[in-house]
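Report on one structure; see the data block that follows.
We name chains A, B, ... by the order of the sequence lines, and we start the count at 1 in each one. From a predicted model like this one, the values you see are computed outputs, not experimental measurements.
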Amino acid sequence: MSTAVEFRSVSFRHVSGRPVLSQMSFTLSKGEALALVGRSGSGKTTVLKLINRLFEPSAGEVLVEGVQTTAWDPIRLRRRIGYVIQEVGLFPHLTVARNVGLVPTLEGWEAERIRVRVWELLRMVGLAPERFADRYPHELSGGQRQRVGVARAVAADPPLVLMDEPFGALDPITRAELQQEFKDLQAQMKRTLVFVTHDMPEACLLGSRIGLVQDGRLVECLPPGEFLRSKHPEVQAVLRTLQASESLNVQR
Amino acid sequence: MEFIEFFISHRNEVLQLTAEHLVLVGLSTSGAVLIGIPLGVGLARNPRWRSPVLGFVNVIQTIPSLALFAILIPLPVIGGIGTSTALIALVLYSLLPVVSNTVAGLIGIDPAVREAAVAMGMTDRQLLWKVELPLALGVILTGVRVATVIGVGLATIAAAIGAGGLGVFIFRGLAMLDSRLILAGAIPAAAMALAADLILGRIERHFGARRTA
């Protein structure tokens, strides 16, 4: 299988000189889904931003489809990568339909093709197009906005999708629904996916591999089953929090 | 009643001076918009220049208007007596609200929105025209409205250096101690300021309404 994303001993320093990532290496084949877990500030979001070249590595190389990100035209690179952030970042002055259809518009699709695609996407993320297409973001609930954010990221059918805690701000029920819907979507589309999460069940559900980031290093990167059996102390620490919340459920 | 009679008997001159006044304000506000918005966009993108330039524009605002006209008169090329000198002074005064509101509108945009736009592969120009300016429009228009209202008031003083406008009545009235003349200048000017405020306020609400997310 050909590689979608590759990190070759990538280090990244913040403009202040503070090291964020050090010597990170991994390879992701096309169609794989990498879940990044770890404490806040460990550098997970930086990994995503290095892939779509919001950041450039201080040392080492980031390759997308075998080409260094610094050699890509940043605009072309980003149009091939869907990006979902926790704050969603919908454009408040545009309707839901125009938000979702933005990348196709930038890519110069015909109006009718964009409309068809937008309606298809809204149905896919569970928003009835006839009710939601003409609304503005401030007229939506948090969960609905997040759905629009996911639809917008995949609108031009990018081969690679990056998600930064895409379901983080949601209540547990809506989150579980969206995770399952996204899982089904992913099964149909076979995109390459890199996502950051604090939710271990989400990492296991959507990830084909789980990578644990600690102090800017990728300390463990394994398929979910093996990850859960890992003896690495930081993995153990993450898993203990999971068991704690499960035992809480049992007691009730 | 005496005043109304005066107003009617001098209606041609009132109309003439009102028209001159409108032209003065229209030109100076347009100038402030044409200079102020690009300047504000530049300052929003270069934080290092922001406080010195805004500080300078602020200082201009503190110079009393009669003093500013007096300073400009002896200057070569831009100075002298007449409409062009008055326009320069009026543009300088109207600049501050336009520039500072453009900067405030642009830097007030949710960083997540900007990040999403860049990550979607927008070019710098697309980011500015499709996202930043539309989102800042409401705040920028507030600045234009303030600039216009300030301009209507200040343009009366422009008559002091021979620029015409409703100030001609006011200065003549002051010299002749004739309150009818003063009112004939002041009332249309006040009405113009109120009308500008009302109309621009409407436009502002129309464009600014959707930016509340």
Exercise: identify the closest heavy-atom pair between [X] and [Y]:
{"X": "A/I75", "Y": "B/G121", "value": "CG2-O, 3.2 Å"}
{"X": "A/R79", "Y": "B/M122", "value": "NH2-CA, 4.5 Å"}
{"X": "A/R78", "Y": "B/V118", "value": "CD-O, 3.1 Å"}
{"X": "B/A112", "Y": "A/E87", "value": "CB-CB, 3.6 Å"}
{"X": "B/A116", "Y": "A/G89", "value": "CB-O, 3.5 Å"}

Item checked: chain B contact via A/L90 - which portion, at a heavy-atom distance below 4.5 Å ->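 Contact with chain B involves the backbone of A/L90 alone.
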Next item on the list: Please flag which part of A/L140 lies under 4.5 Å from any non-hydrogen atom of chain B: side chain, backbone, both or neither.
Entry: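 Neither part.
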Can you confirm whether [X] is buried at [atom1], in the sense that more than 12 heavy atoms of other residues, nucleotides or ligands lie under 6.0 Å from that atom?
{"X": "A/R135", "atom1": "CZ", "answer": "yes"}
{"X": "A/E130", "atom1": "CD", "answer": "yes"}
{"X": "A/R39", "atom1": "CZ", "answer": "no"}

Check: About how many Å separate CG of A/L106 and CE of B/M120, when rounded to the nearest 0.5 Å?
Finding: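 That separation rounds to 6.5 Å.
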Next item on the list: Drop me the distance from B/T123's OG1 to A/D73's CG, to the nearest 0.5 angstrom.
Entry: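 Between B/T123 OG1 and A/D73 CG, I get 10.5 Å after rounding to 0.5 Å.
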Next item on the list: Would you check if B/K130 and A/F91 make a side-chain contact, meaning some heavy-atom pair closer than 4.5 Å?
Entry: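 No, every pair of side-chain atoms sits at 4.5 Å or beyond.
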Check: Is a side-chain N or O of A/H93 found less than 3.5 angstrom from the main chain of B/E132, in a donor-acceptor match?
Finding: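 No, the answer is negative, given that no donor and acceptor are paired below the 3.5 Å cut-off.
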